[in-house]
Amino acid sequence: MYLGIIKFVLGVKLLNMKSKVTVTCPSNIALIKYWGKKNTGIQIPQNPSISWSLSDLNAKTTVQYRPGDIRQINFSYDGLVKESFLPKINEFFNRIEEILPWVKNGIFNIDTVNNFPHGTGIASSAAGFGALATALVELENKLNKDTDEYWNKVSEIARLGSGSACRSMYSKPAIWGASEAIHDSSDYYAVELKEPIHPSLQNWKDCVLIIDSGEKKVSSTVGHSLLNGHAYAEARFLQANKNLIELIQVLKNGNVDRFIKIVESEALQLHSMMMSSIPYYMLMRPNTVAVIEEIWNFREATNLPLCFTLDAGANVHLLYNKEVESSIKTFIDTKLLPYCQNATYLCSGIGGKPQIEHHD
Ligand code: PMV
């Protein structure tokens with residue numbers, strides 16, 4: 001036993017590694033949508049996207065590492081062993097070996113938990129892979145957390161787990177995909193928007209209205225692939241590039257009307273690409289449309305700063321300026337709750353980035 005402990009301590013020390021770390025990472029919601037992958041490389045986007053992190057919807061992941069001769073991964077969710085997750089995690093580890101060669105060997109005990117309930121239909125992969133990627137870079141203990149290099153590396157690793165996960169690293173809006181609007185943007189990792197955000201768009205919130213908590217009928221992986229040869233794909237990619245450039249201007253100049261128009265148009269474009277794929281499909285449900293119409297009617301009647309966006313699913317993200325929170329809460333409770341499954345909705349602040357706790 002003593003020999004084992006000595007081997008472990010020496011192994012970790014030789015690599016200058018840490019042995020156990022916990023990371024809490026937020027999910028994110030795209031304002032300009034990533035939909036479609038290039039055929040070159042793994043998870044390379046066809047167009048640039050931009051997102052807000054959701055500070056109150058997160059994954060908490062602990063990774064404990066011990067050197068070993070082969071790689072062994074033990075995965076649990078909230079303390080319960082989940083073997084069904086292993087193929088995806090193993091594939092992720094295979095993909096990241098080029099960036100983190102030390103993950104080829106060793107014993108990895110990974111436990112993760114989300115702070116939002118299961119069965120809400122909220123995708124947890126962005127927060128989960130964001131947390132895991134941060135934990136691995138932190139265990140490696142090579143780069144300084146205060147540098148862009150550190151977060152670019154975390155983001156690149158997260159991307160190899162789930163494309164949109166690479167945008168969960170920043171409190172400010174995160175841009176992923178090369179764009180002429182952002183000089184340091186890249187297809188390989190997300191960067192944060194460094195310019196100041198206008199006060200009228202600084203303090204927004206997102207309430208996710210749960211319309212359907214079931215498993216999606218068509219996965220995002222399949223959805224992305226249906227953009228290959230899609231009749232409208234090139235037009236969509238051009239539109240996303242144009243929208244991103246304008247949205248970045250809007251975030252700086254505070255034109256809330258344009259913000260609303262661009263964000264809602266992006267959500268509907270995402271779903272119209274699904275509906276015009278071959279085979280075509282639809283993830284919106286009747287209540288998704290009903291909620292969107294309620295939002296439009298309410299905005300027209302009150303002129304308040306609110307809008308919706310959609311992920312690849314039926315749930316509606318209601319975005320609004322926190323200043324009008326009490327009116328929005330009344331609006332949700334009186335008009336929108338009847339459309340929500342089990343009267344469920346989850347609200348989050350905008351912002352947040354991975355938080356790291358050490359155990360050694
Ligand atoms: O990260 P993926 O492969 O699950 O793709 C998700 C894409 C959308 O959520 C629909 C849009 C986005 O940019 O996050």
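Numbering of ligands and ligand atoms starts at 1, following listing order.
Counting non-hydrogen atoms of neighbouring residues, nucleotides and ligands closer than 6.0 angstrom, the CD atom of Glu97 exceeds 12 such neighbours.
Within ligand 1, counting atoms from 1 as listed, the ones closer than 4.0 Å to a heavy atom of Ser220 are 4 (O). Per-residue contacts place Gly163 under 4.0 angstrom from the following atoms of ligand 1 (heavy atoms of the residue considered): 1 (O). Of all atoms in ligand 1, listed by their number and element, those nearer than 4.0 Å to a heavy atom of Ala312 are 10 (C).
For ligand 1, the polar-atom distance check against Tyr34 finds a nitrogen or oxygen pair separated by under 3.5 Å. Geometrically, ligand 1 and Ser162 share a nitrogen or oxygen pair separated by less than 3.5 Å. Between His224 and ligand 1, at least one N/O pair is under 3.5 Å apart. Inclusion of Asp311 in the set of residues having an N or O under 3.5 Å from an N or O of ligand 1 is warranted. Close N/O approach between Ser164 and ligand 1 is found [any backbone or side-chain N/O within under 3.5 Å].
Residues Trp102 and Tyr65 bring their aromatic ring centres within 6.0 Å.
Between the His230 side chain and the Met273 main chain, a donor and an acceptor come within less than 3.5 Å of each other. A donor-acceptor distance shorter than 3.5 angstrom exists from the side chain of Thr344 to the backbone of Asn342, with no hydrogens or angles considered. When atom types are taken as modelled, the side chain of Asn321 and the backbone of Val324 share no donor-acceptor pair closer than 3.5 angstrom.
Side-chain polar atoms of Tyr34 and Gln46 form no donor-acceptor pair below 3.5 angstrom.
Here Ala30 has side-chain heavy atoms under 4.0 Å from ligand 1, and that is the only part of it that gets that close.
Salt bridge absent: Lys261 and Glu266 never bring a charged side-chain N and a carboxylate O closer than 4.0 Å.
The closest approach between any non-hydrogen atom of Arg167 and ligand 1 is below 4.0 Å.
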